[in-house]
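In this chain, residues are counted from 1 in sequence order. Just so you know, ligand 1 is whichever comes first in the structure, and atom 1 is the first atom listed for that ligand.
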Amino acid sequence: MTATSWVPVPDGSPFPVQNLPYGVFSSNEEAPRVGVAIGEHVLDLAAAAAVAGLDGGHVFAEPSLNAFMRLGRPAWTTVREWLTEILTHPGDEELMAPHLFPMSQVRMHRPFEVGDYVDFFSSRQHAENLGRILRPDAPALPTAWLHLPIGYHGRAGTIVPTGTDVVRPCGQRRLAPDADPAYGPSTRLDFEAEVGFVVGVPSSLGQPVGPEEFAEHVFGVVLVNDWSARDIQALEYVPLGPFLGKSFATSISAWVVPLEALEPARVSAPRQDPPPLGYLGNGSEWGLDLRLEVQLNGTVVSRPPFSTMYWTPAQQLAHLTANGASLRTGDLFASGTVSGAEHDQRGSLVELTWNGTQPVHLADGQQRTFLDDGDTVTISAWAPGSDGVPIGLGPVTGTIRPALS
Ligand code: CA
């Protein structure tokens with residue numbers, strides 16, 4: 001039987017009762033606190049827990065998900081079961097309805113305090129596209145790429161919630177291929193459509209976290225836009241990787257979708273050849289059937305399929321802790337740009353426009369190679385949910401503001 005909520009959920013809503021993502025909201029002048037999305041409403045979890053007499057409900061009065069995420073998988077399961085019960089049982093409507101807020105009347109905040117931030121590079125198509133664009137005379141894949149999930153540590157403090165404007169970054173870049181570097185606004189500003197995984201339970205320093213421990217540590221999933229200044233990046237990235245071309249801003253969605261909601265979306269990972277070393281799993285790795293959509297000023301410019309990712313989230317977690325590096329509550333690791341095999345599945349403008357040589361055309365008649373001031377990028381995603389009901393992630397949106405001069 002398909003579970004339905006007494007809260008009205010419009011057809012096509014990303015937030016049916018099969019989803020129940022967590023976020024941090026505020027209403028009027030009240031302090032930010034934890035809520036859960038249901039249809040077009042937010043349930044105030046601290047208030048709901050108080051009237052229901054739920055033990056430990058004080059974690060929902062916090063202005064971030066961190067205290068709840070630190071509790072671990074058994075508590076996450078208990079709360080999800082309780083939420084499903086109170087939102088589907090008609091007898092709970094009278095008690096709970098006063099604690100529902102229309103989404104249109106609340107403000108969403110960054111859902112968690114970000115610990116450490118890692119960004120991977122796990123789409124083979126994306127890695128090969130960038131290799132062909134940036135290193136046309138060399139093999140498309142870096143030599144280590146098939147042996148390990150390549151990544152780098154990013155800047156946690158500049159991770160911003162959806163709806164935050166992004167100021168065009170300034171930096172050193174070459175305005176012509178043989179020109180000397182000059183400081184100024186980036187002229188090749190791009191997006192990267194990615195999926196991020198949020199760590200709830202920390203690990204001990206020196207103790208790797210194997211792929212089979214993924215669900216004990218990872219709380220849920222967000223959408224990520226890894227804004228990228230290609231011209232600044234091009235000058236700085238050899239030999240240590242991304243730095244100022246990425247660190248000015250990274251946007252995440254407001255709602256963290258629990259892993260449990262995405263269990264029906266699990267798919268087999270693509271075959272890996274050569275077989276990965278043992279610490280990266282036993283060959284039973286799973287991916288997720290998340291269908292991303294990228295809109296630029298309202299025009300859909302890409303539909304990247306996350307199911308095609310070569311390295312899986314559990315392998316990424318195992319690799320980033322393989323040297324004993326510990327996890328903290330609120331750590332975020334992102335997949336890297338999601339790009340599929342088709343032209344309209346590429347998850348960044350540098351790929352869609354083939355480094356600016358093939359503009360994308362927008363519905364209003366304009367065209368783009370890279371982002372202009374005033375442009376708005378919105379990434380959303382759908383996944384199969386339980387009972388055959390699709391569930392939505394995101395959106396994560398941001399608008400480019402002019403450089404400060
Ligand atoms: Ca990236």
Original post:
Would Trp227 and Ser251 count as having a side-chain donor-acceptor pair, cut-off 3.5 Å?
Top reply: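 The answer is yes; a qualifying pair exists.
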
Subject >> Positive for side-chain contact (heavy atoms from CB on, under 4.5 Å) with Phe112, one of Ile252, Val24, Thr329 >> reply: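 That would be Ile252; it is the only one of Ile252, Val24, Thr329 passing the side-chain contact (heavy atoms from CB on, under 4.5 Å) with Phe112.
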
Subject >> Name of the residue among Gln345, His126, Glu192 meeting side-chain contact (heavy atoms from CB on, under 4.5 Å) with Glu351 >> reply: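 It is His126, the one option of Gln345, His126, Glu192 that forms the side-chain contact (heavy atoms from CB on, under 4.5 Å) with Glu351.
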
Original post:
Using 30° and 60° as the class limits, which term best fits the ring planes of Phe25 and Phe101: parallel, tilted or perpendicular?
Top reply: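 Correct class here is tilted.
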
Original post:
At the Ca ion (ligand 1), what's the angle from Glu194 OE2 to Asp119 OD2, rounded to 10 degrees?
Top reply: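 That angle is 100°.
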
Subject >> Closest approach to the Ca ion (ligand 1) by Asp226, given as the N, O or S atom name >> reply: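 Result: OD2.
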
**OP:** Give the atom name of whichever N/O/S atom in Glu192 sits closest to the Ca ion (ligand 1).
**Re:**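 The nearest such atom is OE1.
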
